Amino acid sequence: MSTFITIIGTAGAVVLLLAYAMVSSGRMSGDGLPYQLLNFGGAVTLMINSAYHSAWPSAILNLVWSGIGVWTLGRFVARRAAARRHAAESAGAATPAAGTATPAAGSWAAAQEGTTDGTGRPGEHGIAAIG
């Protein structure tokens with residue numbers, strides 16, 4: 001069992017380091033689902049390894065880290081569900097007349113308009129993408 005726990009802990013450390021290196025090098029977005037999944041998985045495996053070896057400060061750190069990961073992944077799921085609901089509502093609504101397609105202020109669509117990634121935040125350097 002000890003060898004298996006060591007392998008799990010080592011894999012978790014490698015996954016966390018890989019995710020950090022990818023974000024630091026600009027090859028992966030820190031706001032993206034892949035990074036969050038790698039981060040969560042690495043934290044869980046290191047938590048298991050640390051608890052098995054009674055390294056409680058590290059185990060607690062990784063428990064909190066995993067909790068943040070669960071919260072963040074929950075936000076991704078909620079956003080995706082909201083986007084699907086919005087798409088379903090939009091598909092069922094009649095197409096507005098020309099010149100009236102501007103979303104209402106404060107609506108989900110208004111929050112997404114002018115962003116590069118659909119998150120409601122402007123693109124790189126605070127400038128929304130054009131086109």
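Keep in mind that what you see is a predicted model, and the values were worked out from it rather than measured.
Rounded to the nearest 0.5 Å, atoms CG (L63) and CH2 (W56) are 10.5 Å apart. Between atom OG1 of residue T10 and atom CG of residue N49 there is a gap of 7.0 Å, rounded to the nearest 0.5 Å. In this structure, CG on L73 lies 12.0 Å from CD1 on I68, to the nearest 0.5 angstrom.
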Check step by step if side-chain contact (heavy atoms from CB on, under 4.5 Å) holds for I48 and I5.
CA-CA 7 Å; I48 292 167; I5 297 295; 3.9 Å; yes
Stepwise, does the side-chain contact (heavy atoms from CB on, under 4.5 Å) test hold for V70 with R75?
CA-CA 9 Å; V70 166; R75 285 182 29 223; over 6 Å; no
Report the C-alpha distance between I60 and M47 in whole Å, list the side-chain angles of each, state the deciding distance to 0.1 Å, and finish with yes or no for side-chain contact (heavy atoms from CB on, under 4.5 Å).
CA-CA 7 Å; I60 292 167; M47 176 184 59; over 6 Å; no
Given side-chain contact (heavy atoms from CB on, under 4.5 Å), test M28 with L38 step by step and report yes or no.
CA-CA 11 Å; M28 182 184 290; L38 291 172; 3.9 Å; yes
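Across H53 and S2, no two heavy atoms sit closer than the pair CE1-OG, 4.3 Å. Scanning all heavy atoms of the two residues, the minimum distance from A43 to W65 falls at CB-CD1, 3.6 Å.
Here the side chain of Q36 pairs a donor or acceptor atom with the backbone of G30 at under 3.5 angstrom. N62 places a side-chain N or O within donor-acceptor distance of the main-chain N or O of S58, the cut-off being under 3.5 Å.
In this structure, Y35 places its OH atom where more than 12 heavy-atom neighbours from other residues, nucleotides or ligands lie under 6.0 Å away.
For the pair L16/L46, a side-chain contact is recorded, criterion being any heavy-atom separation below 4.5 Å from C-beta on.
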